[in-house]
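A, B, ... follow the sequence lines: proteins, then strands. Residue 1 opens every chain.
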Amino acid sequence: MSISSSRGKSRIVMHVDLDYFYAQCEELRRNDLKDRPVVVCVYSARGGDSGAVSTCNYKARAYGVKAGMPIVQAKRLLREQDAVFLPVDEQYYTSVSDMVMAILRANADAFEQVSIDEAYMDVSMRCKDFDDATRLASRLKDEVRTSVGLTCSIGIGMNKLIAKMASDYRKPDGLTVVRPEDAKDFISRMSVGKLLWVGKKTEATLNSMGIYTVADLAKVSIDTLIKEFGRKMGIYLYNASRGIDEEPVKESAMAKQISRITTLKRNTSAIEDMLDDLNTLSMDVHKSLVEQGLLFRSVGIMLVYEDLSMRSRARMLKHYSNSMDDIARYARVLLEEALEESSKPVRRLGVKVSDLVSVKGQETLQRFM
DNA sequence: CTCTGCCTTAC
DNA sequence: CCAGGTAGGCAGAG
């Protein structure tokens, strides 16, 4: 059920984005990091500087460092710059995030946390118009700064799409308001790659069709878009190019899959070299499953070979289960099968459970029996 | 329709 | 020679 505003007019949606989140958290607990490039890294099991950049602050970005970049490359860009490289500390960031999210949630009619550093808020009922919402956003930025110590960027729009693109428009520490009457203009000027769900591949395809801006996109027929991108994406693009988005702000639903993936100490195609990791992964998945009170019916594995190509295998069980044994057993069988099929050395290994249902809950219980 | 495997996105 | 996790769509087989 969606919230309809008392005005009977458009919704008012905010998108809050915590700035360079992991790196800002690190600055928060160490004042000696101020004014220095800070790079938060995911180090792999390979040791040394093997791994990738997760996030970095704006001082590091000034030297060309970006998320996803190999750590070695970031170090090269920042050599002689008094930069700090830190490993991710998920626990700590989660605790900081929880504080912020609690503040936001308390100020929304409907709330949707999308990730550790992003949330949508529907404020249609508590704000009488966009000016009112702008004042609320200002207050929220103040409160997050004074009580947690972080800056964030907020976008306000008539739906989630506009709000999201608005928060992205000016950062860090931005506040962008796009009134309904301005939404079409705001979005039309953007290049298509700025649209939510339009990544590298989709952008390249659109460009090859001569489509570069959202205005270009809005001229394409829905049939063409569906033909080229499939039903779901085609309709999405057609609406998005017009600033239309009816998605309600709602609490995020139950997890649909739980997975863990790891990089092996060394590339190998021998199963004995993988069993320890496979077991650890199975245990991690199981732990998360139990914590969330869920049962699974499908077990899968994923392999990334040394040439970075990937392959996955999954199997459906006859009954729902929450047994660690089932995860580990089936994962092993699937791994054996995959190794028979290809002897390419494996670099990374993953385990996943899906087809999840809650242990409690009535509709679930019926399906379980 | 169900299941599998692959692809794309994004944080 | 570079992380890890999740979601969702789609195509093809059965």
Side-chain angles (χ1 to χ4, degrees), chain A residues 15 17-23 39-56 65-76 87-88 90 93-94 97 113-119 164 167-168 193-206 226-237 247 252-264 266-267 277 281 284-285 288 292 297-318 334 337-338 341-342 345 347-356:
Chain A
H15 180 257
D17 196 337
L18 297 170
D19 299 322
Y20 60 101
F21 184 56
Y22 290 4
V39 184
V40 180
C41 307
V42 186
Y43 290 95
S44 79
R46 299 268 158 135
D49 284 334
S50 172
V53 172
S54 178
T55 333
C56 60
V65 179
K66 288 198 177 98
M69 175 180 282
I71 297 167
V72 189
Q73 195 182 336
K75 290 211 164 165
R76 212 175 304 133
V88 293
E90 202 88 42
Y93 309 143
T94 301
S97 169
Q113 183 173 345
V114 248
S115 70
I116 195 166
D117 64 350
E118 268 185 61
K164 163 91 178 164
S167 74
D168 202 44
K194 288 274 181 189
L195 274 181
L196 183 60
W197 305 125
V198 175
K200 262 178 98 107
K201 302 279 183 170
T202 309
E203 183 178 22
T205 308
L206 287 167
I226 290 175
K227 209 166 295 165
E228 194 66 41
F229 299 98
R231 183 174 173 75
K232 183 86 180 187
M233 188 67 174
I235 293 172
Y236 168 77
L237 288 173
E247 288 304 305
S252 20
M254 191 186 82
K256 303 203 169 140
Q257 59 183 50
I258 297 169
S259 63
R260 290 293 184 276
I261 186 166
T262 191
T263 300
L264 300 172
R266 60 186 179 86
N267 298 354
D277 280 307
L281 289 166
D284 286 352
V285 167
S288 170
Q292 298 178 59
R297 205 166 76 100
S298 177
V299 178
I301 59 158
M302 193 186 86
L303 301 177
V304 178
Y305 296 102
E306 65 179 358
D307 61 2
L308 297 186
S309 65
M310 52 213 296
R311 156 144 292 214
S312 65
R313 287 186 90 88
R315 181 153 311 168
M316 211 77 171
L317 278 56
K318 288 207 178 60
L334 291 168
E337 288 174 8
E341 216 169 277
S342 166
R347 179 186 175 87
R348 303 171 66 198
L349 179 63
V351 172
K352 141 182 121 165
V353 292
S354 54
D355 234 87
L356 306 177

**Item:** Test item: A:E118 and A:D17 side chains (from C-beta on) under 4.5 Å apart, heavy atoms
**Value:** yes
Not counting sequence neighbours, which residues clear salt bridge (charged side-chain N to carboxylate O under 4.0 Å, His left out) with [X]? List them please.
X      : result
A:E203 : none
A:D284 : none
A:E247 : none
A:R266 : A:D273

Side chain of [X]: nearest nucleotide among [options]?
X      : options              : result
A:P70  : B:dT9, B:dC3, C:dC2  : C:dC2
A:M316 : C:dA7, C:dA3, B:dT4  : B:dT4
A:A314 : C:dA3, B:dT8, B:dG5  : B:dG5
A:S298 : B:dT4, C:dG4, B:dC11 : B:dT4
A:E118 : C:dA3, B:dC11, C:dT6 : B:dC11
A:A255 : B:dC6, B:dT4, C:dA7  : C:dA7
A:R315 : C:dG4, C:dA7, B:dT4  : B:dT4
A:S259 : B:dT9, C:dT6, C:dC2  : C:dT6
A:R313 : B:dG5, B:dT9, C:dG4  : B:dG5

**Prompt:** Dot-bracket, DNA chain B: Watson-Crick or G-U, under 3.5 angstrom, [ ] crossing, | other strand?
**Reply:** ||||||||..|
**Request:** For A:V72, report the nucleic acid contact type (base, sugar-phosphate, nothing); a contact means any heavy atom under 4.0 Å.
**Result:** nothing
**Prompt:** Base, sugar-phosphate, or nothing for A:S50, non-hydrogen atoms under 4.0 angstrom?
**Reply:** sugar-phosphate
**Request:** Evaluate the ring planes of A:F21 and A:Y93, with Trp represented by its six-membered ring, and classify them as parallel (under 30°), tilted (30 to 60°) or perpendicular (over 60°).
**Result:** perpendicular
Would you tabulate the nitrogen or oxygen pairs shorter than 3.5 Å linking the protein to nucleotides 10-14 of chain C?
from   : atom 1 : to     : atom 2 : distance (Å)
C:dC10 : OP1    : A:R231 : N      : 3.1
C:dC10 : OP1    : A:K232 : N      : 3.0

**Prompt:** How about A:T94 and A:E90: does a side-chain donor come under 3.5 Å of a side-chain acceptor?
**Reply:** no
**Prompt:** How many Å lie between NZ on A:K352 and C1' on C:dT6, as a whole number?
**Reply:** 10 Å
